[in-house]
Amino acid sequence: MDLTLRPAGPDDARFLAEMLAEAMAWRPGAPRPSVSDVRRSRYVVGWPRDGDRGVVAEVRQPDVAGDVRNAARTGEQLGAAWYRVMTADDPGYGFIDTEIPEITIGVVPPWRGRGVGRRLLSALLDAARAEGHDALSLSVEEDNFALHLYESVGFRTVEKVGNAWTMMAPLL
Ligand SMILES: CC(C)(COP(=O)(O)OP(=O)(O)OC[C@H]1O[C@@H](n2cnc3c(N)ncnc32)[C@H](O)[C@@H]1OP(=O)(O)O)[C@@H](O)C(=O)NCCC(=O)NCCS
């Protein structure tokens with residue numbers, strides 16, 4: 001399956017909210033919040049605000065051999081990763097300071113474990129470097145396998161808050 005990555009724009013606000021809902025309900029069996037509730041979250045409300053950057057993964061070319069499991073269509077959205085500068089007044093779970101934007105990432109369930117998340121993260125780190133950021137942060141619960149994915153692209157644990165790690169990736 002051939003996928004493409006493109007910048008997230010204003011029309012992607014709903015999809016980003018859907019991916020935020022996936023991230024919030026990452027634990028198997030956890031209730032998935034409604035997209036309308038999630039759209040008010042600090043991670044997506046008003047998308048895009050100044051300084052926001054994101055990447056959306058889409059199907060460029062469905063597998064010609066046919067993908068029975070996923071029946072991909074050209075342009076189908078597979079996942080998104082984005083960052084937002086948070087404020088000290090309304091910090092995210094992974095807030096470190098106002099100079100370090102915080103990441104959110106989600107991949108639609110049928111496409112997980114197929115390299116989409118790694119490609120999204122890598123592209124987002126490149127975008128942050130191009131924007132001149134020194135670092136990005138995130139929050140991940142200690143038992144989410146995503147912690148190891150984040151470590152593999154350069155994030156390091158900074159602080160434990162409850163059962164979640166705040167992580168930071170230096171970009172210099
Ligand atoms: C976390 C998430 C974004 C990762 O994206 P993905 O496309 O599934 O991940 P990838 O296929 O790029 O895999 C990345 C690495 O994680 C590993 N991995 C993938 N799924 C895994 C699983 N279920 N259990 C353990 N490891 C797993 C892969 O083996 C890969 O490592 P490798 O490259 O060394 O082989 C995606 O699974 C997701 O949306 N999960 C639910 C929401 C969530 O947890 N968001 C993050 C909240 S902090």
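If you're wondering where the values come from, they're calculated on a predicted model, not measured in any experiment. Values below: all heavy atoms of this structure, side chains included; hydrogens, waters and symmetry mates excluded. Remember, it's 1-based here, ligands and their atoms both numbered in the order they're listed.
Atom numbering of ligand 1 starts at 1 in the shown order; those under 4.0 Å from a heavy atom of Val116 are 7 (O), 12 (O). For ligand 1, the atoms sitting less than 4.0 Å from at least one non-hydrogen atom of Ser139 are 48 (S), numbered in the order shown with element in parentheses. Close approach of ligand 1 to Asn144 (heavy-atom distance below 4.0 Å) involves ligand atoms 44 (O), 47 (C). For ligand 1, the atoms closer than 4.0 angstrom to any heavy atom of Arg114 are 11 (O). Each of the atoms 39 (O) of ligand 1 lies under 4.0 Å from some heavy atom of Gly106. Residue-ligand proximity, Ala23 to ligand 1, at heavy-atom distances under 4.0 Å covers atoms 42 (C), 43 (C), 45 (N). Atoms of ligand 1 found under 4.0 Å from any heavy atom of Glu22, numbered from 1 in the order shown, are 42 (C).
Taking all heavy atoms of Phe145, Tyr150, Trp111, Trp165 into account, the minimum distance to atom 27 (C) of ligand 1 is reached by Phe145. With atom 8 (O) of ligand 1 as the reference point, the heavy atom nearest to it among Pro109, Gly113, Gly117 is part of Gly113.
Using a cut-off of 4.0 Å between Lys/Arg side-chain N and Asp/Glu carboxylate O, Arg42 and Glu102 are scored as not salt-bridged.
Ring geometry, Trp82 versus Trp47: the interplanar angle exceeds 60°, so the pair is classed perpendicular (tilted spans 30 to 60°).
Val55 and Leu120 get closest at one heavy-atom pair: O-CD2, 3.5 Å. Pro101 approaches Ala135 most closely through the heavy-atom pair CD-O, 3.4 Å. Of all heavy-atom pairs spanning Asn144 and Val140, the tightest one is CB-CG2, 3.7 Å.
Under a 3.5 Å cut-off, the side chain of Thr104 and the backbone N or O of Leu20 do not form any donor-acceptor pair. Using modelled atom types, no side-chain atom of Asp90 and backbone atom of Thr87 make a donor-acceptor pair closer than 3.5 Å. Here the side chain of Asp97 pairs a donor or acceptor atom with the backbone of Ile100 at under 3.5 angstrom.
Less than 4.0 angstrom separates atom 6 (P) of ligand 1 from at least one non-hydrogen atom of the protein. By the definition of a contact as any protein heavy atom under 4.0 Å away, atom 37 (O) of ligand 1 is in contact.
For the residue pair Arg118 / Ser152, a side-chain donor-acceptor distance below 3.5 Å is found, with atom types taken as modelled.
Other residues, nucleotides and ligands place no more than 12 heavy atoms under 6.0 Å from the OH atom of Tyr93.
With respect to atom 39 (O) of ligand 1, the closest heavy atom belonging to the protein is Val107 N, 2.8 Å. Among protein heavy atoms, atom 34 (O) of ligand 1 sits closest to Arg118 NH2, 3.5 Å. Protein heavy atom nearest atom 41 (C) of ligand 1, with residue, atom name and distance: Arg112 CZ, 3.5 Å. Distance from atom 43 (C) of ligand 1 to its nearest protein heavy atom, with residue and atom name: Trp26 CB, 3.7 Å. Scanning the protein heavy atoms around atom 10 (P) of ligand 1, the nearest turns out to be Gly115 N, 3.6 Å. Distance from atom 4 (C) of ligand 1 to its nearest protein heavy atom, with residue and atom name: Leu149 CD2, 3.8 Å. Scanning the protein heavy atoms around atom 45 (N) of ligand 1, the nearest turns out to be Ile105 O, 3.2 Å. Among protein heavy atoms, the minimum distance from atom 1 (C) of ligand 1 is reached at Ala146 CB, 3.7 Å.
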Per-pair distances, 0.1 Å, donor-acceptor, side chain in residues 160-168, under 3.5 Å, sequence neighbours excluded:
unit_1: Lys160; atom_1: NZ; unit_2: Glu142; atom_2: OE1; d: 2.5
unit_1: Asn163; atom_1: ND2; unit_2: Glu141; atom_2: OE1; d: 3.1

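Partners of Glu131 under the side chain to side chain donor-acceptor pair (under 3.5 Å) rule, at least two apart in sequence or in another chain, are Arg53.
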